[in-house]
Amino acid sequence: MHSSAIFLIEFGAIILGLGLLGRLAGRLQFSPIPLYLLAGLAFGEGGLLPLGASEEFVAIGAEIGVILLLLMLGLEYTASDLVSNLKTQYPAGLVDMTLNALPGAALALLMGWGPVAAVVLAGVTWISSSGVIAKVLGDLGRLGNRETPVILSILVLEDLAMAVYLPIITALLAGVSLAAGSVTLAIALGVAGLVLFVAVRYGRVISRFVSSDDPEKLLLVVLGLTLLVAGLAQQLQVSAAVGAFLVGIALSGEVAEGAHNLLAPLRDLFAAVFFVFFGLHTDPESIPPVILPALGLAVVTALTKIATGWWAARRAGISVKGRWRAGGTLVARGEFSIVIAGLAVTAGIEPQLGPLATAYVLVLVVLGPLTARYTEPIAMRLAGRVKPAPDSAPAQLATPAAETLEPVEDGGRDR
């Protein structure tokens with residue numbers, strides 16, 4: 001059969017399958033992300049029916065999916081929102097790094113992999129999946145919640161930290177000199193700072209340039225600008241996701257609203273392709289040998305991410321329910337963790353690091369949507385079972401006060 005015909009059959013089957021899985025998840029009132037990942041496992045390396053002709057196109061579609069997810073998330077906020085959140089939330093970024101990078105580094109050292117592998121695995125466990133979390137926030141209808149800016153600030157701090165971390169880890173893996181590594185790092189920091197400055201200072205000018213009454217022209221200009229900035233950012237050792245997100249925050253007003261409505265269907269399509277692609281490149285046979293340390297690491301870092309989100313939301317004055325939602329939403333790991341592990345695998349520093357990272361991410365990318373949905377109700381149910389001590393204030397006096405204050409603090413949409 002002709003290669004183009006095979007490509008159309010394979011890709012058509014993927015899209016149709018994703019649609020059916022999405023409908024199933026909708027009936028179950030559940031995020032479709034885990035189903036997309038399992039579909040990728042079934043048809044990837046070592047799966048039931050590996051794909052061939054469409055794999056390269058799916059890889060490109062996956063990159064576009066991550067870019068669109070971050071663009072759409074950026075459209076929800078203005079540049080002033082970003083600067084304000086970063087100024088107030090940078091302590092949460094430090095707590096996030098400390099709580100979530102240390103477990104990965106400690107495990108690598110305990111397994112005797114050495115300091116370079118420890119730095120690599122620290123990055124794998126530190127960075128949450130912006131793509132997965134953006135999709136989950138949309139699926140659960142939480143983009144307008146009060147805790148969402150806190151989640152967003154932590155994700156942006158992580159993404160911006162990657163502009164520093166990736167050049168460092170690349171230099172460590174390559175064994176380059178300190179001078180060469182410093183030059184690479186300086187370029188990455190300069191580019192990230194320049195893009196952020198332009199987005200904050202000239203956002204209105206960019207919005208006027210992009211604005212158009214014709215939906216077709218608006219779609220083409222916004223999509224083209226986003227892909228261009230993302231590609232240039234990645235070429236200069238800065239995350240493409242960071243570039244796409246900054247384009248989103250640079251657009252405001254009617255332009256942002258119009259772009260959001262036009263790009264939503266494309267985001268859903270390519271985001272689903274991204275999650276399938278992740279599953280396609282996970283060989284099921286490589287998981288069993290490392291499943292126990294991966295599960296242990298996943299449990300520990302799921303708890304540390306929940307603690308991070310809870311602490312950051314509490315610091316921002318969010319209600320108890322919002323704190324648990326923030327913590328549960330941050331659990332998922334994904335695209336950045338795979339990129340980091342891939343660099344180490346290519347450098348050949350430790351044969352088991354790649355399979356362990358893959359198993360770890362697979363566990364948390366499936367667990368993440370579940371913790372985002374159920375952490376808050378489970379925590380509230382467990383808290384409700386805790387009886388006050390005999391010498392504490394009577395429950396009938398404490399409970400109405402909490403019920404009166406929480407809606408004022410959290411807002412109707414947040415509940």
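All heavy atoms count here, side chains included; hydrogens, waters and symmetry mates do not. We count residues from 1, following the sequence as given.
- Listed by chain and residue number, nothing satisfies the salt bridge (Lys or Arg N to Asp or Glu O under 4.0 Å) test with Glu350 (two or more places apart in sequence, or in another chain).
- Annotation: side chain of Leu356 is in contact with side chain of Met111 (closest heavy-atom distance under 4.5 Å).
- Sorted by first and then second residue, the side-chain hydrogen bond (donor to acceptor under 3.5 Å, both in side chains) pairs with a member in residues 288-301 read Thr301-Tyr360; sequence neighbours excluded.
- By the side chain to side chain donor-acceptor pair (under 3.5 Å) test, Thr371 pairs with no residue at all, sequence neighbours left out.
- Contact between Leu353 and Ala117 at its shortest, heavy atoms only, is CD1-CB, 3.9 Å.
- For the pair Leu68 and Ile64, the minimum side-chain heavy-atom distance is below 4.5 Å.
- Shortest non-hydrogen contact noted between Val124 and Ala357 is CG1-CB, 4.3 Å.
- Note that the OG atom of Ser130 and the NZ atom of Lys135 stand 15.5 Å from one another [nearest 0.5 Å].
- Taken from CG in Leu99 to OG1 in Thr308, the straight-line distance is 4.5 Å, to the nearest 0.5 Å.
- Applying the side chain to side chain donor-acceptor pair (under 3.5 Å) criterion to Ser128, with sequence neighbours excluded, gives Lys305.
- Qualifying side-chain contact (heavy atoms from CB on, under 4.5 Å) partners for Ala92, counting only residues two or more places apart in sequence or in other chains: Gln89, Ile154, Trp311, Ala312.
- Of all heavy-atom pairs spanning Phe270 and Gly61, the tightest one is CD2-O, 3.5 Å.
- Ile15 is listed as a side-chain neighbour of Leu269, based on a closest heavy-atom distance under 4.5 Å.
- A pairwise comparison of heavy atoms in Ile306 and Trp324 identifies CG2-CZ3, 3.8 Å as the closest pair.
- Heavy-atom neighbours of Arg315 CZ from other residues, nucleotides or ligands within 6.0 Å: above the threshold of 12.
- Taking OH of Tyr90 as the start and CG of Leu94 as the end, the distance is 8.0 Å to the nearest 0.5 Å.
- Residues Asn100 and Thr304 bring a donor and an acceptor atom of their side chains to less than 3.5 Å of each other.
- For residues 248-277, the set of pairs meeting the salt bridge (Lys or Arg N to Asp or Glu O under 4.0 Å) definition, not counting sequence neighbours, is empty.
- Shown here are the side chain to side chain donor-acceptor pair (under 3.5 Å) partners of Thr375, two or more places apart in sequence or in another chain: there are none.
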Contacts table for residues 222-230: side-chain donor-acceptor under 3.5 angstrom, sequence neighbours left out:
{"from": "Thr226", "atom 1": "OG1", "to": "Val222", "atom 2": "O", "distance (Å)": "2.7"}

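- Between atom CG of residue Leu109 and atom CG of residue Leu121 there is a gap of 9.5 Å, rounded to the nearest 0.5 Å.
- Leu219 pairs by the side-chain contact (heavy atoms from CB on, under 4.5 Å) definition with Leu262, Leu263, Leu266, not counting sequence neighbours.
- Scanning all heavy atoms of the two residues, the minimum distance from Ser337 to Val361 falls at CB-CG2, 3.5 Å.
- With sequence neighbours excluded, the residues forming a side-chain contact (heavy atoms from CB on, under 4.5 Å) with Thr329 are Ile133, Leu137, Arg142, Ile151, Ala372, listed by chain and number.
- Atoms CH2 and CZ, from Trp310 and Arg323 in turn, are 5.0 Å apart once rounded to the nearest 0.5 Å.
- Between Val320 and Met380 there is a side-chain heavy-atom pair separated by less than 4.5 Å.
- In this structure, CH2 in Trp113 is found 5.5 Å from CD in Gln352, a value given to the nearest 0.5 Å.
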The test is side-chain contact (heavy atoms from CB on, under 4.5 Å); show your working for Arg333 and Ile127 and say whether it passes. CA-CA 7 Å; Arg333 278 30 167 224; Ile127 305 299; over 6 Å; no
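- The side chain to side chain donor-acceptor pair (under 3.5 Å) test applied to Ser129 returns Glu335, not counting sequence neighbours.
- Closest heavy-atom contact between Ala302 and Leu364: CB-CD2, 4.3 Å.
- Leu102 pairs by the side-chain contact (heavy atoms from CB on, under 4.5 Å) definition with Thr98, not counting sequence neighbours.
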